Amino acid sequence: MKIATFNVNGVNGRLPVLLRWLGESAPDIVCLQELKAPQERFPLTAIRDAGYGAIWHGQKSWNGVAILARGTDPVERRRSLPGDPEDSHSRYIEAMVGDIVVGCLYLPNGNPAPGPKFDYKLRWFDRLTKHAKKLFAAKEPVVLAGDYNVMPTDLDVYKPERWRDDALFRPEVRSAYAKLIRQGWTDALRELHPDEKIYTFWDYFRNAYARDAGLRIDHLLLNAPLAARLKAAQVDRDVRGWEKASDHAPTWIELADKKRAARKRVVKR
DNA sequence: ATGGCTACGATACGTAGA
């Protein structure tokens, strides 16, 4: 079972990249962010033809999130975070895929900081953390995957000094991420690669990808039942080098099959 | 520190991204 997250930066502009990657990587579940398309402009036919069912929450020009599942339709549970009915951004969608709860999120960027956008980011983060607490307590396997717009530690930034005052790296935001993790979530990439430099995003500016001037901001958080099954976690970084690439690369985990529940059995002789 | 690039729109610059 392979679960991926990919900030596509425009699902229609990026459709050839998305379809090629789906074909090569064959993930079972995919969380997409930054669709940048209104609800009616989601390329459902092409995605179905690639073998995936989908649910999505679009928005004109910005934001937008989707969950894809290979060979099945995700069953939607919610399409926004609780806690602010006035929030008009499409940044969260949640579904069941089989017996797994999948939360797909696009946390606000928050620049410039300080300011109203940064305040919105912190409020949104707080709503996510409250919701995550309930999800973590559930018995079902849960993954919270997406673009968190946070580098959790210095190891996750090519040049930490340069990013200290940025909304993606300020102390308030890193501490919000740490608080979320303290509920018990496993940061899958970091769990399997504790000391490795891993990036999921490279700026379009300044030849950042060629210089490997990257950030690790796309994360997959697992609750205990899923963390126990974690086998592999990687970034498809070559996708960032493709023609018309997103500035993010697909990031994914591989899970061991669910253990069969011990079954009472009558042995006949 | 600045500026560099890319996508999206009542298609030409303005807004947003990170």
Side-chain angles (χ1 to χ4, degrees), chain A residues 5-19 21 31-43 46 56-66 87-92 104-122 124-125 128 145-174 176-177 189 197-219 235 237 239-251:
Chain A
T5 181
F6 187 15
N7 178 323
V8 285
N9 188 13
V11 72
N12 289 303
R14 213 66 67 198
L15 194 56
V17 168
L18 174 61
L19 295 175
W21 171 72
C31 294
L32 298 178
Q33 302 86 32
E34 279 209 86
L35 303 179
K36 292 186 169 181
Q39 189 68 13
E40 65 277 12
R41 295 269 306 277
F42 184 81
W56 67 97
H57 190 190
Q59 182 178 333
K60 195 174 79 169
S61 305
W62 299 301
N63 310 319
V65 283
D87 185 1
S88 60
H89 295 200
S90 297
R91 294 185 177 274
Y92 187 81
C104 170
L105 64 109
Y106 175 45
L107 209 130
N109 174 304
N111 276 308
K117 290 187 172 184
F118 190 63
D119 296 342
Y120 172 64
K121 177 176 197 167
L122 295 178
W124 203 95
F125 215 143
L128 174 66
D147 178 357
Y148 283 73
N149 270 319
V150 183
M151 296 84 90
T153 72
D154 282 7
L155 184 55
D156 303 310
V157 200
Y158 68 97
K159 194 188 270 191
E161 323 79 67
R162 183 176 205 137
W163 289 83
R164 295 277 175 223
D165 293 329
D166 191 276
L168 278 71
F169 201 48
R170 288 174 69 97
E172 303 95 309
V173 176
R174 277 183 287 140
Y177 187 82
L189 275 281
K197 185 179 79 175
I198 305 170
Y199 302 140
T200 66
F201 167 92
W202 296 262
D203 217 305
Y204 288 123
F205 309 150
R206 305 180 213 92
N207 211 18
Y209 180 60
R211 295 188 296 121
D212 199 25
L215 310 173
R216 190 175 76 96
I217 55 178
D218 300 274
H219 308 300
V235 179
R237 52 175 291 146
V239 176
R240 178 63 181 80
W242 291 358
E243 190 85 10
K244 294 271 285 177
S246 168
D247 39 7
H248 297 249
T251 304

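Side chains included, hydrogens not; waters and symmetry mates left out as well; all remaining heavy atoms used. Throughout, a chain's letter reflects where its sequence line sits, starting with A, and its residues are numbered from 1. Treat the numbers as computed from the prediction; the structure is a model and nothing was measured.
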- Message: For a quick test of reading the model: is some side-chain N or O of K244(A) closer than 4.0 Å to OP1 or OP2 of dA7(B)?
- Response: yes
- Message: Quick check on dT15(B): is either OP1 or OP2 less than 4.0 Å from any side-chain nitrogen or oxygen of K36(A)?
- Response: no
Which part of the nucleic acid does [X] contact within heavy-atom distance under 4.0 Å: base, sugar-phosphate only, or nothing?
X       : value
F169(A) : nothing
N149(A) : sugar-phosphate
K117(A) : sugar-phosphate
N7(A)   : sugar-phosphate
D147(A) : sugar-phosphate

- Quick one: sort the W56(A) and F42(A) rings into parallel, tilted or perpendicular, breaks at 30° and 60°. parallel
- Over 60° means perpendicular and under 30° means parallel, so classify the ring planes of Y177(A) and Y148(A), tilted if in between. perpendicular
- Task: Using heavy atoms to find the nearest nucleotide of DNA chain B for W62(A) and G13(A) separately, return the residue whose nucleotide is more 5′.
- Result: G13(A)
Nearest to side-chain heavy atoms of [X], which nucleotide of [options]:
X       : options                 : value
Y106(A) : dA1(B), dA7(B), dG17(B) : dG17(B)
P38(A)  : dA1(B), dG9(B), dT15(B) : dG9(B)
R206(A) : dG17(B), dG3(B), dA7(B) : dG3(B)
Y204(A) : dA1(B), dG9(B), dG17(B) : dG17(B)

- Without hydrogens or angle criteria, can the side chains of N9(A) and K36(A) be said to hold a donor-acceptor pair below 3.5 Å? yes
- Message: Tell me whether Y209(A) contacts the main-chain N or O of D247(A) through its side chain, where contact means a donor paired with an acceptor under 3.5 Å.
- Response: no
- Message: Once hydrogens and angles are ignored, does a donor-acceptor distance under 3.5 Å link the base of dT6(B) to the side chain of R240(A)?
- Response: no
